[in-house]
Amino acid sequence: MQNKFLLSILFFLISLSQYSCGSQNNSKRIIVASAGKIESLDPARADSLKEFHLLASLGDTLYELNNEGILIPKLALGMPIFSKDNLKITINLKENIFFHDGTQFDSKAMKFSIERFKRIGIKKYILGDKIKSIDTPSDFTIVINLNKPSSSINALLTSINLTPISPAFYKDYSDKFLNDNFIGTGKYFVESFTNERQVIEPNPRYWGEKPKNEGINLIQYSNTSSLFGALRSKQIDVLLSNSIDDTQRHQLMLLSNKNKLKVGFGPETEISIISLRTNSYPFDNKNIRLAISKSINRKIISEKVSYNMRKPLRTIVPEIFKDTNEDFWSEYNPIEAKIILEKEGYCNGKILNFPLTYRSNVNSDKLISLTIQEDIKNNLSDCISIQINGVESTTMYENLSKGLYPAAIYDWTGLYPDPEGYLKPLLSCNDIEENQCKKGESVASGSFWGSKQVESLFKDAESTYGNNRLKKLIKIEMLASESVPYIPIWVDSQKAWSQISISRPVFNGSGIISLSDLEIINE
């Protein structure tokens, strides 16, 4: 009995050693780590960057943005062909492409995937009522019929949420999610899945360029300190930057500057904002919102919290998507903030209570809140009293639409690379009463702000192209900035650090890491 016990202990220690020292073994597999969990592999449910990174390797989209931000065909044979009235989009598909289950990719599979997302996708609002119907005139031609001309449809066709899936495999999941598996056309297939660990293998039948590695092990750590330590001790090969604290990011940047690590950068696509609940006290008053926005010192936040690694932001659309660096949102100016508050009856013995909620599991959110609190205490303590409170991110997202938070900090990345992909989810509203949104995306975002003029501009922009369309979308942001339903804080790019023995991580134009380009280069 004792020998059996000792033998069991020995086997356990051996298996633990093999797991924890993955990057030091002889395999050409690569260990990529991040924090948190992967909740779902279903493109109709996926809504986190970690899930998008993984799904982009398991599946393909019709189109993709390259590193220069140019739309290029992926599963499509060429660029979309628009009818003269812009109500029909014809897309010819590549042939001889197969799903992981051996089913052929064709026009019916693409139709199935889009219609399924339109029916059950948690972010199905990105399609809205754009698509009237889908025809499949031949095996490798799909025709998308629009209800009205849509200038955003090209960018939508790059969305990972519209990644095609096998109709045969998902036959029993056409109206419900399949969270623990994925059958697509991508460079990898799922070997095993848990929320904390995913193993993906190269697809031997992949139609395009093959992966440069023998597979990827993705591991999610429960806390950032363990994740940071795992990279430093070489237990992992690659670390995704949005998973660790800014102090740790700063240390890794210093190490990469000394050539002890490699770092890859994506485009600046992730913004951080404060959402202000505009339908109740104190932020139902536009002047109060304006005063608060002028009390937020973005420069000092960037310096103290991110070591200047994140760029102060006065827009809710990243620069790269609007070809202009014009800012509309209020600058930091505590003197003007005080003047506004005095006119509203504050500062002379009456203090404005400013409750600010942050995501407790996101350290930068807490540091942002503390920095704002300290700066207001130093400059506006006779006018504003700020109370900060942390809640777990999942809880926050669930409760934003319930109006539980007068002000809340969170990150936002557009679901497709276009100004509309940022503006609509934050500003659109289906039911407006006196600039208050009763039903729509601005309810889900926690601002409850609505504008009939903005809704009209969204509709106009859909049927406008080129620079005229961009002008309408910029006008939308300008109108929103005048009402201050949000306060933008900073913009960030995706980063990933790799060991010296691993190739430098690369990202596409949408900020998605290319797992297939990771390669062991110095064994």
Side-chain angles (χ1 to χ4, degrees), residues 271-301 312-316 327-358 365 368-389 396 399-410 426-427 429 432-438 442-443 445-454 476-489:
I271 67 173
S272 287
I273 59 175
I274 299 175
S275 174
L276 301 177
R277 193 181 69 196
T278 63
N279 65 347
S280 63
Y281 179 84
F283 299 127
D284 54 348
N285 184 329
K286 184 175 75 171
N287 290 331
I288 297 299
R289 299 197 299 269
L290 180 61
I292 290 296
S293 73
K294 288 179 178 289
S295 72
I296 305 299
N297 191 337
R298 298 173 180 84
K299 186 173 182 294
I300 198 170
I301 291 171
L313 185 71
R314 289 176 45 232
T315 175
I316 57 174
D327 293 323
F328 302 109
W329 302 75
S330 301
E331 293 184 81
Y332 174 66
N333 193 323
I335 295 175
E336 289 186 6
K338 185 171 184 177
I339 291 171
I340 295 170
L341 289 171
E342 285 177 338
K343 288 180 179 178
E344 294 297 323
Y346 295 96
C347 304
N348 299 309
K350 184 179 180 182
I351 303 294
L352 171 68
N353 291 318
F354 175 19
L356 178 61
T357 302
Y358 64 88
D365 281 11
I368 289 171
S369 302
L370 290 170
T371 303
I372 292 172
Q373 187 179 53
E374 181 184 7
D375 194 65
I376 286 177
K377 183 179 180 181
N378 292 337
N379 295 287
L380 288 163
S381 60
D382 56 334
C383 299
I384 303 172
S385 174
I386 180 171
Q387 302 85 39
I388 61 175
N389 177 52
M396 174 184 282
N399 290 330
L400 277 172
S401 63
K402 299 175 183 177
L404 297 187
Y405 312 120
I409 300 174
Y410 58 87
L426 295 176
L427 304 174
C429 182
I432 301 171
E433 291 182 15
E434 297 180 352
N435 285 337
Q436 290 187 7
C437 185
K438 303 297 182 181
S442 69
V443 171
S445 68
S447 77
F448 294 85
W449 180 79
S451 164
K452 292 182 179 179
Q453 188 177 358
V454 162
I476 288 171
E477 183 176 13
M478 185 173 69
L479 289 170
S481 70
E482 293 170 355
S483 289
V484 207
Y486 303 96
I487 303 173
I489 302 173

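In this text the structure is predicted, and so the values were computed from the model without any measurement.
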query: Roughly how far, to the nearest 0.5 Å, is the CD1 atom of I351 from the OG atom of S381?
result: 7.5 Å

- prompt: Going from CG on L313 to CD1 on I301, what distance comes out if it is rounded to the nearest 0.5 angstrom?
  reply: 11.5 Å

query: Can you tell me if Q436 and T278 form a side-chain donor-acceptor pair at under 3.5 Å?
result: no

- prompt: Just checking, any donor-acceptor pair under 3.5 angstrom between side chains of E342 and N348?
  reply: no

query: Any luck finding a side-chain donor-acceptor pair between Q373 and T371 under 3.5 Å?
result: no

- request: Decide, yes or no, whether a salt bridge links D284 with R277 under the criterion of side-chain N to carboxylate O below 4.0 Å.
  value: no

- prompt: Closest heavy-atom contact between D365 and Y410?
  reply: OD2-CA, 4.4 Å

- prompt: Given the rule in the side chain to side chain contact (heavy atoms under 4.5 Å, CB included) test, do C383 and K350 qualify, once you have shown the distances and angles that lead to the verdict?
  reply: CA-CA 7 Å; C383 299; K350 184 179 180 182; over 6 Å; no

query: Is it true that the side chains of N389 and Y405 contain a donor and an acceptor less than 3.5 Å apart?
result: no

- prompt: With a 3.5 Å cut-off and no angle check, do the side chains of Y486 and S447 form a donor-acceptor pair?
  reply: yes

query: Which atom pair, heavy atoms only, marks the closest approach of C429 to K438?
result: SG-N, 4.1 Å

query: Would L356 and Q387 count as a side chain to side chain contact (heavy atoms under 4.5 Å, CB included) if you check the C-alpha gap in whole Å, the side-chain angles of each, and the deciding distance to 0.1 Å?
result: CA-CA 6 Å; L356 178 61; Q387 302 85 39; over 6 Å; no

query: Which value, rounded to the nearest 0.5 Å, describes the distance between W329 atom CH2 and I296 atom CD1?
result: 13.5 Å

task: Kindly indicate, with the supporting measurements, whether the criterion side chain to side chain contact (heavy atoms under 4.5 Å, CB included) is fulfilled by S385 and F354.
output: CA-CA 6 Å; S385 174; F354 175 19; over 6 Å; no

task: Spell out, as yes or no, whether a donor-acceptor pair under 3.5 Å connects the side chain of E336 to the backbone of K294.
output: no

- request: Check each of I273, I292, L290 against I487 using the side chain to side chain contact (heavy atoms under 4.5 Å, CB included) test, and report the only one that passes.
  value: I292

task: Check I432 against K452 and note the closest heavy-atom contact, atom names and distance.
output: CD1-N, 3.7 Å

message: Please check: side-chain N/O of R298 versus main-chain N/O of P488, any donor-acceptor pairing under 3.5 Å?
response: yes

- request: Identify the heavy atoms of F283 and A407 that sit nearest to each other, and give their distance.
  value: CE1-CB, 4.0 Å

message: How long is the straight-line distance from CG of L352 back to CD1 of I376, given to the nearest 0.5 Å?
response: 9.0 Å

Nearest heavy-atom neighbours spanning S445 and L426: OG-O, 3.7 Å

query: So how far is it from Q453 CD to S483 OG, rounded to the nearest 0.5 Å?
result: 9.5 Å

task: Verify, without hydrogens or angle tests, whether N285 (side chain) and N287 (backbone) share a donor-acceptor contact under 3.5 angstrom.
output: yes

query: What do the steps show when you test N353 against I384 for side chain to side chain contact (heavy atoms under 4.5 Å, CB included), and what is the final call?
result: CA-CA 6 Å; N353 291 318; I384 303 172; over 6 Å; no

- prompt: Which pair of heavy atoms, one from M396 and one from I409, lies closest together, and at what distance?
  reply: SD-O, 3.5 Å

